[in-house]
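What you see below is based on every heavy atom in this structure, not just the backbone, and it leaves out hydrogens, waters and symmetry mates. Counting starts at 1 for both ligands and their atoms, following the listed order.
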Amino acid sequence: MEYLLITRSLLFLIITCTATATESIISRRDLLGNGLASTPPMGWNSWNHFNCKIDENIIKQTADSLVSTGLSKLGYKYVNIDDCWAEISRNDKGELVPKKSTFPSGMKALADYVHSKGLKLGIYSDAGYYTCSKKMPGSLGHEEQDAKTFASWGIDYLKYDNCNNDESRPTLRYPVMTRALMKAGRPIFFSLCEWGDMHPALWGYTVGNSWRTTNDISDTWESMVSRADQNEVYADFARPGGWNDPDMLEVGNGGMTKDEYIIHFSIWAISKAPLLIGCDTRNITKDTMEIIANKEVIAVNQDKLGVQAKKVRMEGDWEVWAGPLSNYRVAVLIMNRGSWRTAITAHWDDIGIPPNTSVVARDLWEHKTLKTRFVGNLTATVDSHACKMYILKPVY
Ligand SMILES: *[C@@H]1O[C@H](CO)[C@@H](O)[C@H](O)[C@H]1NC(C)=O
Ligand SMILES: *[C@@H]1O[C@H](CO)[C@@H](O)[C@H](O)[C@H]1NC(C)=O
Ligand SMILES: *[C@@H]1O[C@H](CO)[C@@H](O)[C@H](O)[C@H]1NC(C)=O
């Protein structure tokens, strides 16, 4: 289908122009040639639920629960430790030391445990002198040493925060860690947590596998939709190898309704955002599982085409988001941000399907293929703070 080809080549042009401003495509690939992130990363991170109150048992039990709930089979592979895992002082060789009171067995043993479950272990540091909690050192000035330490432990993912730095530009500090990771001898997913300050979408692909486009999310409707909006602006810059990151999931933490969490998960999925669970997976509810274990929605996120959806129409309180998928399919999200139930129409003109094309619609939350063949548009009635998500497949 021609419209898809046009979109892709336009995207390529935009990216090429942005790139040549600083360095060539070739040297960019050399900087971060770790081969990771062909689709957005999936897993879990400790911060949203546990903050600093983490220890090795929580991490191990979480790994166990990802397997026992079946979440790991659905693709949730990364078990990511956030801030507060290290002692405040480095050892006499200058190395980071896991906190003795909470990680007494050390990170190598923890990585071995997590790997034995078929999962991957992620860790956290900061492009400054201290991390955001100020409870442990950052990696600024110790990049090569820390990258080597992480690789020697068997770490698979690094989230790299931006607190307590020397006030130099992130574009100076982050690539130092990129090079250090590339020299460390182990493919390590590099997640830039620069909060969107210096438009990391414009340079993130040269440096990391994902880049935060926003400040931290919190477990409220307002916080969630505003992260989604800010992240959407940069849709053209996401692609296999590097993704926009509107922050981790709050699904299951209790601050939103089930419908709001469904919107949260749907937007993150269609936006090709990292799907990093942020709740306690050790005793996860049926409602939360229904959301984060929705295979059809996960498949949209993990589609090999890797194109981030855009908001294609807004009218009052309702929105239509859409993006192309492989095999000429289109993912569509119809969402009601207002207080009243309302009918919302997705027009083929808006979502990039030729006008007379007849499509079959699969409802990804009802798990039903609709009997109607749709031509030109699809209308759904949507409750307040609720959404509908479809895959449309042209039939000829
Ligand atoms: C969840 O499980 C953990 C350990 O498995 C337990 O410590 C915690 O209290 C549980 N939380 C709830 C809300 O049941
Ligand atoms: C769409 O179909 C109608 C009726 O079948 C036809 O008159 C019209 O020319 C078609 N439009 C396009 C763009 O193919
Ligand atoms: C939807 O398309 C049909 C033709 O397929 C047309 O009759 C109808 O007016 C359209 N509805 C809207 C809301 O655009």
*Parallel, tilted or perpendicular: ring planes of Y234 versus H199, cut at 30 and 60 degrees*: tilted
_So if I apply the side chain to side chain donor-acceptor pair (under 3.5 Å) rule between R212 and each of D161, N244, D247, which one comes out positive?_
D247
*Hey, which of D82, N51, N164, D83 is the one that makes side chain to side chain donor-acceptor pair (under 3.5 Å) with S133?*
D83
*Of all the non-hydrogen atoms in the protein, which one sits nearest to atom 4 (C) of ligand 3, and at what distance?*
V375 O, 4.0 Å
*How far is atom 8 (C) of ligand 3 from its nearest protein heavy atom, and which residue and atom name does that atom have?*
N377 ND2, 3.7 Å
*How far is atom 14 (O) of ligand 3 from its nearest protein heavy atom, and which residue and atom name does that atom have?*
H347 CE1, 3.1 Å
*Quick one: do D245 and K159 make a salt bridge, cutoff under 4.0 Å?*
no
